Amino acid sequence: MVKRHTTRPPGRRLPLKDSVTFVLEGETEASILKILCDKQEYANLKFTKPVCLGGGGYNSVKWYIERNQNTLDIVLVIADLDRAGNDSNEAANLEKVIKMLEKNKSSNNIFLTHPNIEAWLKNSFTKAIKGNIHTFLHSYKGDPDLAEKYLRKGGTYAVAKVYFLSKRLYYKKIGISKGVFDRDALGMEQSSLYYLQDYLELLNNLPQS
């Protein structure tokens with residue numbers, strides 16, 4: 001009897017997860033990243049360790065990405081707009097960062113708040129905080145317990161989203177196509193963080209490579 005040889009079909013290769021790296025301008029952004037998004041909700045995305053640039057400004061963002069672009073996949077930057085709003089040279093530097101992000105990969109994005117990330121925090125409460133948010137939370141810049149203090153006081157992403165939803169944005173990119181500039185809005189109170197979670201959901205649902 002001739003033995004019949006059977007060949008097992010090769011296993012189906014699982015698609016690679018898209019890798020997301022948050023590049024954070026300052027320590028406060030790093031402290032609250034986990035209240036801006038729950039990474040476990042995006043099962044199709046792989047999150048690398050966030051990069052905190054310690055408040056080095058837009059050029060530090062640009063230099064970091066340029067030096068590491070061969071190892072970066074999707075880059076999401078979170079930064080303040082006050083530098084750009086107060087200095088035309090900084091505004092030009094910021095625009096270079098945005099155009100570089102768009103050129104490198106269509107799914108890259110940047111989320112900007114004017115004047116700074118503290119404005120997002122202050123407007124995350126049912127009754128907006130008028131004074132210094134760190135005083136209110138008994139915290140400080142870079143406080144590793146900032147997120148917990150914020151949550152204990154009743155801060156929520158949803159409240160801030162409603163507050164900023166109708167504001168004009170200097171730069172708005174809610175999809176994979178290039179974003180839209182509204183340069184006249186540069187110095188206005190705003191935050192595009194209100195669609196960060198929606199954008200992550202969009203990335204999560206894209207066909208995997």
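Keep in mind it's a predicted model, so treat the numbers as computed, not measured. All values below come from the heavy atoms of this structure, side chains included, with hydrogens, waters and symmetry mates left out.
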Ignoring hydrogens and geometry beyond distance, is a side-chain donor-acceptor pair present between E90 and N86 at under 3.5 Å?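 Their side chains do not contain a donor-acceptor pair, so the 3.5 Å distance test is not met.
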Gap separating the [atom1] atom of [X] from the [atom2] atom of [Y], nearest 0.5 angstrom:
{"X": "D182", "Y": "M188", "atom1": "CG", "atom2": "CE", "result": "7.0 Å"}
{"X": "D73", "Y": "T48", "atom1": "CG", "atom2": "OG1", "result": "9.5 Å"}
{"X": "M100", "Y": "E66", "atom1": "CE", "atom2": "CD", "result": "5.5 Å"}
{"X": "L200", "Y": "D38", "atom1": "CG", "atom2": "CG", "result": "10.5 Å"}
{"X": "I65", "Y": "N68", "atom1": "CD1", "atom2": "CG", "result": "9.0 Å"}
{"X": "F111", "Y": "Y171", "atom1": "CZ", "atom2": "OH", "result": "9.5 Å"}

Determine, for Y163 and K167, whether the Lys NZ or Arg CZ falls below 6.0 Å from the six-membered ring centre while staying within 45 degrees of the axis.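 Yes, a cation-pi geometry holds between K167 and Y163.
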cation_pi(K96, Y58) dist<6.0 Å, angle<=45: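 Judged by the rule, K96 and Y58 form no cation-pi pair.
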Heavy-atom count around [X] [atom1] within 6.0 Å, excluding the residue itself: above 12?
{"X": "K149", "atom1": "NZ", "result": "yes"}
{"X": "Q40", "atom1": "CD", "result": "no"}
{"X": "L151", "atom1": "CG", "result": "yes"}

Do the side chains of [Y] and [X] get nearer than 4.5 Å, heavy atoms only?
{"X": "K172", "Y": "Q190", "answer": "no"}
{"X": "L53", "Y": "E25", "answer": "no"}
{"X": "L146", "Y": "L137", "answer": "yes"}
{"X": "K173", "Y": "I110", "answer": "no"}
{"X": "L186", "Y": "D184", "answer": "no"}
{"X": "N93", "Y": "V61", "answer": "no"}
{"X": "N108", "Y": "V77", "answer": "no"}
{"X": "L81", "Y": "Y170", "answer": "yes"}

Looking at [Y], is its backbone amide N or carbonyl O close enough to the side chain of [X] to form a donor-acceptor pair, meaning the two atoms are under 3.5 Å apart?
{"X": "S31", "Y": "D143", "answer": "yes"}
{"X": "Y150", "Y": "I35", "answer": "no"}
{"X": "Y199", "Y": "S107", "answer": "yes"}
{"X": "T113", "Y": "W120", "answer": "no"}
{"X": "D80", "Y": "I117", "answer": "yes"}

Would L165 and Y195 count as a side-chain contact (heavy atoms from CB on, under 4.5 Å) if you check the C-alpha gap in whole Å, the side-chain angles of each, and the deciding distance to 0.1 Å? CA-CA 8 Å; L165 186 62; Y195 60 77; over 6 Å; no
Where do V162 and V159 land on the side-chain contact (heavy atoms from CB on, under 4.5 Å) test, with the steps shown first? CA-CA 5 Å; V162 170; V159 170; 6.0 Å; no
Determine the interplanar angle of the F22 and F47 rings, folded into 0 to 90°, and report it as parallel if under 30°, tilted if 30 to 60°, perpendicular if over 60°.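 Judged by the thresholds at 30° and 60°, the geometry between F22 and F47 is parallel.
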Path from [X] to [Y] over hydrophobic side-chain contacts below 4.5 Å:
{"X": "F164", "Y": "L76", "result": "yes"}
{"X": "L101", "Y": "I78", "result": "no"}
{"X": "I174", "Y": "L193", "result": "yes"}
{"X": "L24", "Y": "I133", "result": "yes"}
{"X": "I74", "Y": "L196", "result": "yes"}

I would like to know whether L45 and L203 meet side-chain contact (heavy atoms from CB on, under 4.5 Å); could you show each step before the answer? CA-CA 8 Å; L45 299 176; L203 296 179; 4.1 Å; yes
Residue that, paired with L121, satisfies side chain to side chain contact (heavy atoms under 4.5 Å, CB included) out of N116, I129, T28: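 Of the listed options, the one satisfying the test is T28.
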What pair of heavy atoms forms the shortest contact from L202 to G175, and how long is it?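 Closest approach of L202 to G175, heavy atoms only: CD2-CA, 3.8 Å.
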Quick check: closest heavy atoms across L36 and Q197, and the distance to 0.1 Å?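 Closest approach of L36 to Q197, heavy atoms only: O-NE2, 2.9 Å.
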I'd like to know if E148 pairs up with K153 as an ion pair, taking the criterion as any Lys NZ or Arg NE/NH1/NH2 lying under 4.0 Å from an Asp or Glu carboxylate oxygen.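 No.
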Salt bridge between R152 and D145, side-chain N to carboxylate O under 4.0 Å?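 Between D145 and R152 there is no salt bridge, as every charged N stays at least 4.0 Å from the carboxylate O atoms.
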Would F125 and F136 count as a ring-ring contact (aromatic ring centres under 6.0 Å, His included) here? Give the steps. CA-CA 12 Å; F125 299 86; F136 173 72; 5.4 Å; yes
Run N204 and D18 through side-chain contact (heavy atoms from CB on, under 4.5 Å) and show every step you take. CA-CA 8 Å; N204 189 62; D18 288 327; over 6 Å; no
Sole residue of E118, E27, E29 in salt bridge (Lys or Arg N to Asp or Glu O under 4.0 Å) with K141: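 So, applying the salt bridge (Lys or Arg N to Asp or Glu O under 4.0 Å) to K141 and each of E118, E27, E29, only E118 qualifies.
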